[in-house]
Amino acid sequence: QVQLVESGGGSVQAGGSLRLSCVASGFTFSRYWMYWVRQAPGKGLEWVSVTNSAGGTSYSQDSMKARFTISRDNAKNTMYLQMNSLKPEDTAIYYCAADLRFVWAPALPGPSSLKYWGQGTQVTVSS
C-alpha cells in the first residue's frame, strides 16, 4: 500500500522557518521524482519544488527559490522542504507527491496529474 505521510507543518510568524518531511512507503522511492505542491485557501494547486530520483536536480518556483530548499534521503525514504523567511502568502496546505515523470510548470498536465499524494500538512504564517 502506497503511503506518503507529511509532517512538520504548524503556525509561525512571518520571517520564521519550518522544515517539512515526507516519509514514503509502498513503492520504490528512489526511482521517483518527488514533489512539494501547495494549496492556499480558496486557490488551486501550486507547484512548490521538485527533486529528481537521486536528489541531484531540483526546481522551485521563482517566488520560493531563494527561501525554500528541497532535499531527499533515499536511504530513509524521506523528502524534506526547508522553508525560511516565511511570508503570510505561504499559508497553505503543503502536499508531497510522487511520480515517475518529471512534470513542471508551465507544462500541462498540472500538479493534479501526479500519481501518489500525501494527506497534506497545514502551514500558517501570521504577519
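Closest approach of L18 to G8, counting heavy atoms only: CD2-O, 3.7 Å. When every heavy atom of A14 is checked against every heavy atom of S127, the shortest pair comes out as CB-CA, 4.3 Å. Among all heavy-atom pairs drawn from G110 and W47, the shortest one is C-CZ2, 3.7 Å.
Clustering ILVMFWY residues whenever any of their side-chain heavy atoms sit less than 4.5 angstrom apart, transitively, puts I70 in a cluster other than the one holding V37. Note on Y95 and F102: same hydrophobic cluster, where clusters join Ile, Leu, Val, Met, Phe, Trp and Tyr whose side-chain heavy atoms are under 4.5 Å apart, directly or indirectly. Using a 4.5 Å cut-off between side-chain heavy atoms of Ile, Leu, Val, Met, Phe, Trp and Tyr, with links allowed through other members, M34 and L100 fall into the same hydrophobic cluster. Put simply, W36 and Y116 are part of the same group of oily side chains (I, L, V, M, F, W, Y) that touch within less than 4.5 Å, one to the next.
Here CZ of F27 is found 7.5 Å from CG of N77. Values are rounded to the nearest 0.5 Å. In this structure, S53 OG and R31 CZ are separated by 9.0 Å, a value rounded to the nearest 0.5 Å. If you take CZ on R38 and CG on L81, they are separated by 9.5 Å, rounding to the nearest 0.5 Å. With rounding to the nearest 0.5 angstrom, the SG atom of C22 is 4.5 Å from the CG atom of L4. In this structure, CE on M83 lies 10.0 Å from CE on M64, to the nearest 0.5 angstrom. Remark: Y35 OH to M79 CE distance equals 10.5 Å, nearest 0.5 Å.
Looking only at side-chain heavy atoms (C-beta outward), T121 and I93 stay at 4.5 Å or farther from each other. R67 has its side chain out of reach of Q82: every pair of non-hydrogen atoms, C-beta onward, lies at least 4.5 Å apart. With contacts defined as side-chain heavy-atom distances shorter than 4.5 Å, the pair V103/V50 does not qualify. Looking at S112 and L114, their side chains never come closer than 4.5 Å, going by heavy atoms from C-beta outward.
Looking at S58 and T51, their side chains never bring a donor and an acceptor atom within 3.5 Å of each other. A donor-acceptor contact closer than 3.5 angstrom links the side chains of S113 and R101. Side chains of T78 and D73: a donor-acceptor N/O pair is absent below 3.5 angstrom, by distance only.
The closest donor-acceptor contact from the side chain of E6 to the backbone of C96 lies under 3.5 Å. A donor-acceptor pair under 3.5 Å is formed between the side chain of D99 and the backbone N or O of K115.
Annotation: ring pair (Phe, Tyr, Trp, His ring centres under 6.0 Å) contacts involving residues 65-90, sequence neighbours excluded, are absent.
Under the side-chain contact (heavy atoms from CB on, under 4.5 Å) criterion, T91 pairs with Q122, T124, V125, not counting sequence neighbours.
The cationic atom of R72 (NZ for Lys, CZ for Arg) does not lie both less than 6.0 Å from the six-membered ring centre of Y32 and within 45° of the ring axis.
By the 4.0 Å N-to-carboxylate-O rule, D62 lies close enough to K65 to be salt-bridged with it.
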